[in-house]
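Written below as structure tokens is the structure these notes are about.
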2 protein chains.
Amino acid sequence: MPRPHKWQLRFQGHVSRWTGPREAILGLLSKTSKHMSAKEIYSSLYKKHPNLGLTTVYRTLDLLTRMSLIHKITLGNGQRRFEFKKGEKTDHHHHHLICTGCDKIFDYKEFEEEELILIKKTEESLTRKFNFKIMDHNIEFYGLCDKCNLNIYKNKPKEIR
Amino acid sequence: MPRPHKWQLRFQGHVSRWTGPREAILGLLSKTSKHMSAKEIYSSLYKKHPNLGLTTVYRTLDLLTRMSLIHKITLGNGQRRFEFKKGEKTDHHHHHLICTGCDKIFDYKEFEEEELILIKKTEESLTRKFNFKIMDHNIEFYGLCDKCNLNIYKNKPKEIR
DNA sequence: TTCTTTATTGATAACGGTTATCATTATCAA
DNA sequence: TTGATAATGATAACCGTTATCAATAAAGAA
Ligand SMILES: [Mn+2]
Ligand SMILES: [Mn+2]
Ligand SMILES: [Zn+2]
Ligand SMILES: [Zn+2]
């Protein structure tokens with residue numbers, strides 16, 4: 001029996017029910033700034049919800065994504081992660097800085113104005129050129145974070161041969 | 001016994017051998033502008049190379065990627081595709097326009113100058129802010145291509161219930 | 001509150017793309 | 001031509017995700 005919650009209403013109007021697993025998963029994501037995978041979410045919740053199934057995590061993440069309460073991102077290596085979407089009032093749109101050493105993800109929002117202008121121009125041009133209806137875009141930078149960059153100079157574990 | 005070829009030299013210096021499968025796969029990718037998946041490559045080559053194994057396709061694609069002869073891209077849905085990289089002389093760098101209806105990919109290279117400037121600025125700023133060493137970036141637009149956009153208004157196959 | 005309906009759950013099996021294993025084959029320098 | 005060994009292909013294993021289905025629980029009705 002999940003307790004009443006500010007999100008409950010959004011579910012009622014959606015032909016869906018406000019359940020324990022949904023409360024747990026949405027609660028977790030709303031409290032972290034991490035970009036978590038399904039399995040990470042499953043593991044994090046194990047102590048408090050030892051009988052939650054991984055299948056339910058996938059299903060719930062899918063539902064929450066369709067409801068636009070969370071955002072799904074696919075990394076360059078194919079991994080899928082999820083992040084909570086802050087309310088419509090605060091502009092949640094941002095891009096990612098991804099460390100190829102440790103897969104850590106950093107949010108950034110630089111040069112919003114200039115970027116927006118360029119995006120708009122590009123969109124218009126591409127629409128004309130290809131007769132393409134653009135719905136969304138994705139921008140990401142890859143590299144090495146502070147920590148991983150240092151580790152380059154440290155000894156790597158010996159290779160067994 | 002694969003025949004001599006302009007790429008052969010690159011292999012010899014690489015502690016690797018110039019083989020039939022490698023000639024076939026590199027040949028195919030160099031002749032198409034498509035962004036192909038491993039299985040698509042495997043199927044395309046089946047007629048001429050009926051005993052080529054899918055495993056070899058994966059291994060070869062990995063090698064060619066490490067040799068920077070081809071480029072691997074991961075779509076938003078996790079699919080992996082490969083495209084031939086034109087020589088270093090012609091600037092191969094470009095971005096993608098991806099149709100979420102049919103997964104078709106369009107290359108584009110718009111506003112190179114402006115984009116480059118913005119990218120540079122963003123990179124510098126992010127490097128300062130996060131002490132991050134940026135190595136690469138990825139920009140892609142999602143939407144519906146000409147054809148898929150039209151199909152929205154056509155009848156969808158009846159759902160069985 | 002209790003009842004009824006049915007959406008949701010979790011265990012399990014299945015799936016699809018990719019990788020590991022290993023005996024066989026083919027490349028290429030000597 | 002030959003020998004060392006890199007490369008191949010059949011097969012099994014792997015891993016993230018999805019399908020199936022009987023059991024459970026949310027929420028409106030009584
Ligand atoms: Mn983010
Ligand atoms: Mn391309
Ligand atoms: Zn890192
Ligand atoms: Zn399309």
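Below, chain A is the first sequence line, B the second, and so on; all start at residue 1.
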To the nearest Å, how far apart are [X] [atom1] and [N] [atom2]?
X	N	atom1	atom2	answer
Gln79(A)	dG17(C)	CD	C1'	15 Å
Leu61(A)	dT18(D)	CG	P	10 Å
Leu52(B)	dT8(D)	CG	P	9 Å
Arg10(A)	dA26(D)	CZ	P	21 Å
Asn51(B)	dA7(D)	CG	C1'	14 Å
Tyr58(B)	dA20(C)	OH	P	13 Å
Asn77(A)	dT18(C)	CG	C1'	13 Å
Trp18(B)	dA29(C)	CH2	P	15 Å

Next on the checklist: Under 4.0 Å, counting only non-hydrogen atoms across every strand here, what does Thr55(A) touch: a base, just sugar-phosphate, or nothing?
Outcome noted: base
Next on the checklist: Closest approach to the side chain of Pro21(A), judged atom by atom: which nucleotide of dT9(C), dG9(D), dT8(C) is it?
Outcome noted: dT9(C)
Next on the checklist: Using the side-chain heavy atoms of Gln8(A), tell me which of these nucleotides is nearest: dA27(D), dT9(C), dA26(C).
Outcome noted: dA27(D)
Next on the checklist: Can you work out whether Leu54(B) or Arg17(B) has the more 5'-proximal nearest nucleotide on DNA chain D?
Outcome noted: Arg17(B)
Next on the checklist: Counting distance alone, no hydrogens or angles: does the base of dG9(D) have a donor or acceptor under 3.5 Å from a partner atom on the side chain of Arg59(B)?
Outcome noted: yes
Do any side-chain nitrogens or oxygens of [X] fall under 4.0 Å of OP1 or OP2 in [N]?
X	N	answer
Thr19(B)	dT8(D)	yes
Arg22(B)	dT8(D)	yes
Thr56(A)	dG10(C)	yes

Next on the checklist: Tell me whether the rings of Trp7(A) and His5(A) are parallel (<30°), tilted (30 to 60°) or perpendicular (>60°).
Outcome noted: parallel
Checklist entry - Does Thr56(B) offer a backbone N or O that forms a donor-acceptor pair with the side chain of Thr60(B) under 3.5 Å? => result yes
Next on the checklist: I'd like to know whether NZ of Lys34(A) has more than 12 heavy-atom contacts from other residues, nucleotides or ligands below 6.0 angstrom.
Outcome noted: no
Checklist entry - Do Arg81(B) and Gln79(B) get their side chains close enough for a donor-acceptor pair, meaning under 3.5 Å? => result yes
Checklist entry - Where is the tightest heavy-atom contact between Leu29(B) and Phe84(B), given as atom of each residue plus distance? => result O-CB, 3.2 Å
Checklist entry - Who is the Watson-Crick or G-U wobble partner of dA20(C), with both distances under 3.5 Å? => result dT11(D)
